[in-house]
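Only one structure is covered here, and it is reproduced in the block below.
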Amino acid sequence: MLSLILPTYNEAENLSDLLEEIDHVLKTVPYEVIVVDDDSPDRTWEVAQLLAEERPYLRVLRRRGRRGLASAVVEGFAMAGGDVLVVMDADRQHDSSLLPQLYAAIQNGADIAVASRYTEGGGTGVWMRARTFESALATRCVRFVCGVSVRDPLSGFFALKREHFRRVASSLRPRGFKILLEVLSQLPRGMRVEEFPYHFRIRTAGESKLTMCVRMQFLIQICFLALRRAQNVLGTFQKSLFLLVCAIVFLSLAPPAWALRLLYTDPSVRDATQKMLVTLAEREGWLLSDVLLQEVSRDRIRFLHRRHARGHDLSHCYELISSAMSLLSCDEA
Amino acid sequence: MRRSIAAFLGLEIYAGVFALFQLLGGVRTDEAKYLLNIPYPHPPLMRWILSQVEGWQSQEFFVRFIIASVVVQAVWLVWRQSRWWRHEERLALAGCWLLSGGVLLQSGSIMMAPLIALQALVFVWVAAQRDEDWSPWSHFLGLLWLASLFTAYQAVLVIPLVIAIFWRMHISTTWKLLYILLPLFLLVLYTLSNPLAAASFVHVSADNSSLASREWVEGALRSWLVGGSVVLSVVGVWGMILTRSWSLFLSFLLVFGYAFISSRSYHAILFTPLLIGGLIELHQRRRVKVFPIFLFTGASAIVLSLNLSVSPPSPAREVSRVLAERGVEGELLIAGPFGHEWQYESLLPVRRYKPEFLPGAGAVVCIHPSTSSGQVPCKEIESEKGWMKVQEIPIVLWVRSR
């Protein structure tokens, strides 16, 4: 059975005509339709509920306190009972006549079937040049950044096998509105994807949801997907990175700690060193915190004296010989 | 998106207020340690980063603003943790963070405690996502744990959370132990390479040993109650116990123990992320209403704010200004106990006063005499020729006459 998910927001004017189109197109296919509405101000959910009274295959999910196309689709998929899950827009810009082809492709072994604007025979319709350019650029960026080979990974009109959704459902992070992209990035490579050309139609009613906010969400989604891809590509190198950083820290700390070992192993050296430093600090008028011990031996200590002044923060290396309490520069010693 | 941008900007203004408030008190001795990368008491990571801008004129305000911003903007992490809640409950939870005593008092201070609190908040968030598989992020969390430990020793206090996070991951036991223990080992190695760090803890313990037991208890209780503006403090702990969030509760006990032995008011913020975690657990498992908690927390926060006072700034800045105006050169000798803020504010190299250093000195500051010795500091300078006392500032300052 085909489960068609229609995520809606302020599509009350389009819903009735769309359902009639779907009824006509899916005459020979067993199907259900699930309208997932984000509590539309125009009460799309109420219109859907009224339509459901005459259509037993129609179910309505009204979401309150949650927004977002991608998350709406995920919830719709989770509710669906069919073995083929399809999503399309409810604004009638997607050509519903493709539904039987998408369904047939999945039944014939494809893992995902995508209605594509960018495959041969497809198109973006009569979009303004700016939007066409924007869409094409976004698609190219996504293919490059996320490494997907599908020509239209941003399509909102696609079908997939229910078992694939179940496999990735828990790891999906549905941000923004490009759920196909999220699904493609989670599924293992080697999935059989078929693309079918279609032309994006002009919206007949309602308003476009493509706002600056939505664009920003899309950019954020791309960043997260790129990060995830980098994670997958890095693979075992990630653990090596942790060990590498730890190794660098170890190599920088071990020599000075070793050079000071007598402080911890020999109480007499510790006491003598403390006395020397206190006497020296009093004699020179230094703060003890300006003295950084570098090496301790039984007869001498080596340290850096740093004034800790802003900007001009000179440090000098000294050796202090315990027997004479004489201070020598490290170069002289 | 517009609302998010407006919220972000509003939070930045809130952070700016904190930074300006802390600016009134000037740089304190503990803050100067981090601004100048003085190698105690904490490990070097964050103080090294802060010291990279020590040549900037406005380093102090810049760092205060950055720290205040990250502490305040951490509310988005709190917001994220409540993403399935009703909107007003989310706002109430975010308000609990923003109006907690820890955030009110410590945002904008140049201390390691607010930064450790932020890192703890990340661990609280990760630990709360029990259904999430964090194994792909194990390396990142391991590096974060390492970075936390090398920010400040206080990071050790959240080890129960860290253990809970790594133990739940689907990785081998060897890797779990490596992620948890290797950073700790490196911290011990750092301590061995810098005896000043260990000595500073001994010194502080010696100082605190002179306090009465009652003062120790009061100090710890005060830090805890301030950390969550009283109401959140109680509800947060109650939430940890009721929901049996033992890693949170154990971390809380460690922080409480630390506040007990260290008796410093700026540790209040260390409680805040844990208390928020406790409140989140309480709401998610027992459906406790968050909004009334926020209202009472807000009321406590107002009372706390009214009792806020800024300690007067150190005279170091004023002295530095006077010396700069007079074009004084040479060393600045200081008689009496003084803090690192003198090294920070002074344009001249600072040295402890001894009469034999006078020939190379351009100025001498005489801080209040020690009552135990009873000696008047800088007595010798009064009989030295070529020195004059500066009258216009409330500290004894001698400068070499031209």
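The figures here come from the full heavy-atom set of this structure, side chains too, leaving out hydrogens, waters and symmetry mates. Chain letters run A, B, ... following the sequence lines, proteins first, then strands; residues in each count from 1.
- B:Lys354 places a side-chain N or O within 3.5 Å of a backbone atom of A:Glu282 that can act as its donor or acceptor partner.
- Residues B:Glu31 and B:Val63 form no side-chain contact, since every pair of their non-hydrogen atoms from C-beta on lies 4.5 Å or further apart.
- Below 30°, between 30° and 60°, or above 60°: for A:Tyr318 and A:Phe303 the angle between ring planes is between 30° and 60°, a tilted geometry.
- For chain A, no part of B:Glu88 is nearby; none of its heavy atoms comes within less than 4.5 Å.
- Side-chain N or O atoms of B:Ser320 include one that pairs as donor or acceptor with a backbone N or O of B:Glu345 at under 3.5 Å.
- Residue A:Arg306 touches chain B through its side chain alone, counting heavy-atom pairs closer than 4.5 Å.
- The aromatic rings of B:His340 and B:Tyr40 sit perpendicular to each other, their planes meeting at more than 60°, with 30° as the lower class boundary.
- Partners of B:Thr173 by side-chain contact (heavy atoms from CB on, under 4.5 Å), not counting sequence neighbours, listed by chain and number: B:Trp167, B:Leu177.
- With a 4.5 Å cut-off on non-hydrogen atoms, A:Leu243 touches chain B through its side chain but not through its backbone.
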Exercise for the section: Dump the intermediate steps for ring pair (Phe, Tyr, Trp, His ring centres under 6.0 Å) on A:Phe77 and A:His164, then the final yes or no. Expected result: CA-CA 11 Å; A:Phe77 279 175; A:His164 293 323; over 10 Å; no
Taking distance alone, no hydrogens or angles, what donor-acceptor pairs closer than 3.5 Å link side-chain atoms of residues 178-199 of chain B to residues at least two apart or in another chain?
| unit_1 | atom_1 | unit_2 | atom_2 | d |
| --- | --- | --- | --- | --- |
| B:Tyr179 | OH | B:Ser138 | OG | 3.2 |
| B:Tyr190 | OH | B:Arg47 | NH2 | 2.8 |
| B:Tyr190 | OH | B:Asn194 | ND2 | 2.9 |
| B:Thr191 | OG1 | B:Tyr153 | OH | 2.8 |
| B:Thr191 | OG1 | B:Leu187 | O | 2.9 |
| B:Ser193 | OG | B:Tyr190 | O | 2.7 |
| B:Asn194 | OD1 | B:Leu196 | N | 3.3 |
| B:Asn194 | ND2 | B:Pro39 | O | 2.7 |

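- Contacts of A:Phe250 with chain B are made by both backbone and side-chain atoms, with heavy-atom separations under 4.5 Å.
- Residue B:Trp175 touches chain A through its side chain alone, counting heavy-atom pairs closer than 4.5 Å.
- For chain A, no part of B:Glu356 is nearby; none of its heavy atoms comes within less than 4.5 Å.
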Handout entry: B:Trp48/B:His42 under ring pair (Phe, Tyr, Trp, His ring centres under 6.0 Å): CA gap, chis, key distance, verdict
Key = CA-CA 11 Å; B:Trp48 179 82; B:His42 287 305; over 10 Å; no
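- For a residue to count as touching a neighbouring chain, one of its non-hydrogen atoms must lie under 4.5 Å from one of that chain's; by this rule B:Asn37 touches chain A with backbone and side chain alike.
- Contacts of B:Arg86 with chain A are absent, with no heavy-atom separation under 4.5 Å from either backbone or side chain.
- Among A:Leu263, A:Leu253, A:Asp290, the residue making the largest number of heavy-atom pairs under 4.5 Å with chain B is A:Leu253.
- Between chain B and the options A:Thr273, A:Leu287, A:Leu292, the largest number of non-hydrogen pairs under 4.5 Å is found for A:Leu287.
- Proximity to chain B is absent for every atom of A:Gln294, based on heavy atoms less than 4.5 angstrom apart.
- Heavy atoms of A:Ala259 lying under 4.5 Å from chain B are absent altogether.
- Per-residue counts of heavy-atom pairs under 4.5 Å with chain B were compared for A:Pro256, A:Cys246, A:Ser252; the largest is that of A:Cys246.
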